[in-house]
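What follows is a set of notes on a single structure, which appears directly below.
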Amino acid sequence: MTRAAKAFAMFWWDFLVGDTPELTIGILVALGAVYLFPKGSTLAGAVLYGVVVVTVALSLAIEARRFAKRSGRGG
Amino acid sequence: MSSFVLVAAVFLASSVEMVEALTIVLAAGTTRSWRSALEGTGAAIFVLGVLVAVVGVPLVKYVPISTMRLVIGALLLIFGLQWLRKAILRASGLKAMHNEDEIFEKEVARLGAIPGSSSGRDATAFTVAFKGVFLEGLEVVIVVLTLGVANHRLALAAWAAAAAILVIGLVGVIVSRQLSKVPENAMKMAVGLMLVSFGSFWSGEGMGVHWPLSDLSILGLIALYGLATLVMVKVLSGVRPGLALAEEAQ
């Protein structure tokens, strides 16, 4: 039972966080930012879009940096 | 309009996952036993279908729609961004392309080395096919459940997934080992864009965001995210120009 619960928790952890925790954090920040706006706001949608784009751009920048480091090491 | 995008998103997502599953089934069928591989495939599809019905139907019936849309929107955003990120990295050459032919060859070599069974059924072929289809299919189940439940069109989403399984199965039989010809990364990018757009729309709806064109805003979001994706691919291609050119040539 414990093993099954652990496997279930691991599945969701891998699914929601995995090796890109910055994406999950970014989405939470985006939703938190939208929450600050009053209901019926159109600007909140634009903010959501903006934070999502910045999140994926940051995640790609992290990967590009890793790639550059690997390439440098490999000569 | 959102029904069309829903069907397209589920169909493409299911197709991509089924191409990956098909590689494993073809390898198990070719090296071990077609009958057992197909039985494993059928069993996995049945279990996945039961999973959609058991989890999806109560969600549609009993959970308030605004809560559902917020939670599902957030899930779609995370899931979609993971797909989109990977597709951008592959398109710009920072990550190796998924090569189904290479995976097929490796799987054939691995399965060929395992001794055969004396009885009519091959347990290895059944298990490998079942595991491959079930694991790849889990992502399809999540896409069907999230998009189907948030749109209140679970049956439509399930039919779109079933159609994709059928089409990819037929294509698999026709093209056999040429699965690398399937433009998998472009499909993944399209799915990622749709999932992120749906995710933004539903999570926004769940929190009371006003979308100017109602459901049509989903198309606007796809276009806007598509534009941002193009810019990111272009910028990242500069980091690795050689590989980017190779990708364009494909």
Side-chain angles (χ1 to χ4, degrees), chain A residues 4 7-75, chain B residues 66 70-71 73-95 135 138-139 142 192-193 196-197 199-213 217 220-221 223-229 231-233 235-240 242-243:
Chain A
F8 186 72
M10 279 305 292
F11 168 78
W12 281 103
W13 176 263
D14 280 346
F15 177 64
L16 295 174
V17 182
D19 53 359
T20 50
E22 69 277 8
L23 292 182
T24 313
I25 294 167
I27 299 305
L28 292 176
V29 169
L31 296 179
V34 171
Y35 185 74
L36 297 175
F37 284 85
K39 286 201 173 199
S41 163
T42 307
L43 185 63
V47 169
L48 179 63
Y49 168 79
V51 179
V52 168
V53 170
V54 168
T55 298
V56 75
L58 279 176
S59 178
L60 290 168
I62 292 170
E63 190 58 38
R65 213 175 145 179
R66 275 189 208 139
F67 181 84
K69 268 188 187 170
R70 276 198 306 265
S71 303
R73 212 180 295 146
Chain B
S66 59
L70 173 59
V71 174
L75 281 176
L76 282 174
L77 271 171
I78 294 171
F79 197 35
L81 276 188
Q82 288 171 352
W83 277 49
L84 194 58
R85 177 184 174 277
K86 239 181 235 174
I88 293 172
L89 287 171
R90 286 194 170 124
S92 55
L94 291 184
K95 194 174 172 73
L135 291 179
L138 266 183
E139 290 197 35
I142 290 166
L193 282 173
V196 171
S197 304
S200 300
F201 184 79
W202 291 131
S203 56
E205 284 261 301
M207 287 196 291
V209 169
H210 170 69
W211 297 105
L213 301 168
S217 297
L221 283 167
L224 286 171
Y225 281 124
L227 195 69
T229 300
V231 172
M232 288 184 223
V233 170
V235 169
L236 281 177
S237 294
V239 178
R240 191 92 165 111
L243 281 175

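The sequence lines fix the lettering, A, B, ..., with proteins before strands; numbering per chain opens at 1. Remember, it's a predicted structure, so these values are computed and weren't measured experimentally. Any value given below was found using the heavy atoms of this structure, including those in side chains, with hydrogens, waters and symmetry copies removed.
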Open item on the list: Can you confirm whether more than 12 heavy atoms, excluding those of A:Tyr35, are under 6.0 Å from its OH atom?
Closed with: no
TODO: Using the side chain to side chain contact (heavy atoms under 4.5 Å, CB included) rule, take B:Arg85 and A:Leu60 through it: C-alpha gap first, then chi angles, then the decisive distance, then the call.
DONE: CA-CA 7 Å; B:Arg85 177 184 174 277; A:Leu60 290 168; 4.0 Å; yes
TODO: Output yes when a side-chain donor or acceptor of A:Tyr49 lies under 3.5 Å from a complementary backbone atom of B:Leu224, and no otherwise.
DONE: yes
TODO: Name the option with the most non-hydrogen atom pairs under 4.5 Å to chain B; the candidates are A:Leu28, A:Thr24, A:Thr55, A:Thr42.
DONE: A:Thr42
Task: Result of checking B:Val209, B:Leu75, B:Leu77 against B:Ser203 for side-chain contact (heavy atoms from CB on, under 4.5 Å) - done: B:Leu77
- [ ] Could you check A:Ile27 against A:Val51 for side chain to side chain contact (heavy atoms under 4.5 Å, CB included), going step by step and ending with a plain yes or no?
- [x] CA-CA 8 Å; A:Ile27 299 305; A:Val51 179; over 6 Å; no
- [ ] Counting only heavy atoms closer than 4.5 Å, note whether B:Leu84 contacts chain A via side chain, backbone, both or neither.
- [x] neither
Task: Considering all heavy atoms, the nearest A:Ala30-A:Leu48 contact - done: CB-CD1, 3.8 Å
TODO: Tell me, out of B:Leu138, B:Thr229, B:Val235, B:Ile142, who's got the most heavy-atom pairs with chain A below 4.5 Å.
DONE: B:Ile142
Open item on the list: Report which part of B:Gln82 has an atom under 4.5 Å of a heavy atom belonging to chain A: side chain, backbone, both, or neither.
Closed with: both
- [ ] Answer with side chain, backbone, both or neither: which region of B:Phe201 has an atom nearer than 4.5 Å to a non-hydrogen atom of chain A?
- [x] neither
TODO: Heavy-atom distances under 4.5 Å only: say whether B:Val231 touches chain A with side chain, backbone, both or neither.
DONE: neither
TODO: Please state whether the side chain, the backbone, both or neither of A:Phe15 comes within less than 4.5 Å of a heavy atom of chain B.
DONE: both
Open item on the list: Taking side chain as everything from C-beta outward and backbone as N, CA, C, O, which of these in A:Ser59 sits under 4.5 Å from a heavy atom of chain B? Side chain, backbone, both or neither.
Closed with: both
- [ ] Examine distances only and state if a side-chain atom of A:Ser41 and a backbone atom of A:Ala44 form a donor-acceptor pair shorter than 3.5 Å.
- [x] yes
- [ ] Heavy-atom distances under 4.5 Å only: say whether B:Met207 touches chain A with side chain, backbone, both or neither.
- [x] both
- [ ] Determine, stepwise, if the pair A:Glu63 / B:Lys95 fulfils salt bridge (Lys or Arg N to Asp or Glu O under 4.0 Å).
- [x] CA-CA 9 Å; A:Glu63 190 58 38; B:Lys95 194 174 172 73; over 6 Å; no
Task: Interface moiety of A:Leu16 toward chain B, non-hydrogen atoms closer than 4.5 Å - done: both
Open item on the list: Out of A:Val52, A:Val56, A:Val53, return the one with the most heavy atom pairs under 4.5 angstrom to chain B.
Closed with: A:Val52
